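Here the structure comes first, spelled out in structure tokens, and everything after it is commentary.
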There are 2 protein chains.
Amino acid sequence: MVDPMYRQIAEDLRRQIEAGELAPGAQLRTELELREKYNASRNTVRDAVKWLITRGMVETRPGQGTYVVQKISPFVTTLTGDAASGGNDEGPVYASEVKAMRRKPEAPAPRVEIQQADSDTAGALQVPEGSMVVSRHQRRLIDQTPWSLQTSFYPMKLVERGATRLMQADDIKEGTAAYLARTLQIKQAGWRDTIIVRAPDGDETRSFKLPDDGRISVVETRRTAYDDQGLPIRLTVSVYPADRNQFAVNVGDLPSQVADPPSADESGSSTAEAGQDA
Amino acid sequence: MVDPMYRQIAEDLRRQIEAGELAPGAQLRTELELREKYNASRNTVRDAVKWLITRGMVETRPGQGTYVVQKISPFVTTLTGDAASGGNDEGPVYASEVKAMRRKPEAPAPRVEIQQADSDTAGALQVPEGSMVVSRHQRRLIDQTPWSLQTSFYPMKLVERGATRLMQADDIKEGTAAYLARTLQIKQAGWRDTIIVRAPDGDETRSFKLPDDGRISVVETRRTAYDDQGLPIRLTVSVYPADRNQFAVNVGDLPSQVADPPSADESGSSTAEAGQDA
DNA sequence: CCGTATTTGTTCGTATGTATT
DNA sequence: CAATACATACGAACAAATACG
């Protein structure tokens, strides 16, 4: 009938946190103190804390204590760019916009590989499954914090036709879309993004330093870009940890002063175009 | 040095699930059997199962057993519509597209309220904080399953200027954007969506019948729509459970045959325009 | 650098409650 | 009603991480 005790304890702590009696960053009472206060066993208190952890409200630090979590200032990625006008390639835009917000972007040199297309990649690029594709994998950091993992796949055919820089393991400063336009006269006409939310895999948990209990999910965007013939040029898969990212989509005519959306927390946020190529 | 035992057990079960040795829907061995197999205590086995639950890989049913989760066939919401051409209003499109996919959409009559704008709403609608706004709240179901919760806010000024139907608690079949265009000659020129992923609140957990341990997050989109003067017409806040929804964004010219994205599971998926007004 | 106290992490055992079949 | 299986709660012990003198 009544809630189990560990839930009652958890709800009481939750109330204190949401009422601000326990500020972000504040330390909760130790398990032994809570045990006395609620007249429960240590394991029951720990179940209550676990419940709060799952909801992302507190975190425990071995040897130190339990603390109310500090919200991370979110970063906003705009998924719609201007496909008609010149720069369809967001790489450079990304870097400058982030810098404008006084946040330091970093993008280590990409890891370039030649591999066989799996069925998803082959389907998106409209090439036979198992045919060769160039993959360019890149980590993006903001203020030394890993912000996204990105892998772009290009059909090998583009390299054969002369876009040899795709295979070099360094940044293409002008952006790959501009490079393809200059080299092969391939014009990127548009793209389609699909967005899903899922649990992080082991790699992502490590890269993003996520708590390894998987409670923070990741957002995966899959962008298939097409040329003016309607043929796919590239597939870019980006993975973002959900706790430090927001996304924006602009459609139609908007007033220019529409800048940042109200952010979920009190601290400031930043905007940038999506760095959707690697 | 080594992983704790509960993690080792969890990883072993995880491997079996990902290798397909334990198919979706299959029952795991009972806690007592696992206890014998891994030579651990029941509590340790339960810790391992808990770890898998947090990751959404298994679910427990009291009195029955532990089962590998069945993936839900995802529903795709397209966030970009055609802002220039006629139907900027997705309500009707939503219904017809869902039906075309042989999935039964339902949208009970909206709950209409007059309330004071909080700071977020006021900021988006560019009205003074505390001024009156009309809120239209709607639940959307697909195949009897709650799929999204939606609340649209309109400045009271629109009602004063003659859009009285906004305050009636019934569906506006033509869609509110078309209604506003017809009645007040207000043309919706575009919108901006911001997308965030967060933990569900109590209401959402109940409505979507989510497991109350909060491991499944929700996607919240906030759509601010503007008229051709650049003035905000409405703010629509939609909340989707992340386990049964995907999103799509189309930019520029795309080949028409670009239909469904490859879905995360083996079952079919469906597409529809966003039902972003209520 | 070392040792000690504090605090959380892991693992066991046991008993009882609740839901399902 | 009984058997089964998971849920909650207690107590205890030792390990590991951290802070501090």
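Letters A, B, ... are given to chains in the order of the sequence lines, protein chains preceding strands, and every chain is numbered from 1. These numbers come from the heavy atoms of this one structure, side chains and all, not from hydrogens, waters or symmetry mates. It should be emphasised that the depicted structure is a prediction, and the values quoted were computed from it without experimental measurement.
Here the side chain of Ala40(B) is nearest to one of dC10(D), dG9(C), dC12(C), namely dC12(C). Taking the side chain of Glu31(A) as heavy atoms from C-beta on, and the options dT18(D), dT8(C), dT8(D), the nearest nucleotide is dT8(C). Comparing dC6(D), dC12(C), dG9(C) by their closest approach to the side chain of Arg42(B) singles out dC6(D). If you check dT21(C), dA7(D), dC12(C) against the side chain of Asn43(A), the one that comes closest is dC12(C). In the set dC10(D), dT18(D), dT8(C), dC10(D) carries the atom at the smallest distance from any side-chain atom of Ser41(A). Taking every side-chain heavy atom of Arg46(B) into account, dT8(D) is the closest of dT8(D), dT8(C), dT11(C). Side-chain proximity of Thr44(A) to the nucleotides dT11(C), dT21(C), dA9(D) is greatest for dA9(D).
Atom pair Arg7(A):CZ and dA9(D):C1' shows a separation of 16 Å (rounding to whole Å applied). Rounded to a whole Å, the CD atom of Gln64(A) is 9 Å from the P atom of dC20(D). If you take OH of Tyr38(B) and P of dT10(C), they are 18 Å apart, rounded to a whole angstrom. With rounding to whole Å, Arg35(B) atom CZ is found 15 Å from dT11(C) atom P.
Within a 6.0 Å radius of CZ in Arg55(A), other residues, nucleotides and ligands contribute more than 12 heavy atoms.
Ion pair Arg7(B)/Glu11(B) flagged as a salt bridge, since at least one NZ, NE, NH1 or NH2 atom sits closer than 4.0 Å to an Asp/Glu carboxylate oxygen. A salt bridge does not link Glu36(A) to Arg29(A): none of the charged side-chain nitrogens sits closer than 4.0 Å to a carboxylate oxygen.
Nearest-nucleotide mapping onto DNA chain D: of Thr66(B) and Asn39(A), the residue sitting toward the 5' end is Thr66(B). Nearer the 5' end of DNA chain D, as judged by each residue's closest nucleotide, is the contact made by Pro62(B), out of Tyr6(A) and Pro62(B).
Heavy atoms of Arg61(A) sit under 4.0 angstrom from primed sugar atoms or phosphate atoms, though from no base atom.
The ring-ring contact (aromatic ring centres under 6.0 Å, His included) search around Phe208(B) returns none, not counting sequence neighbours.
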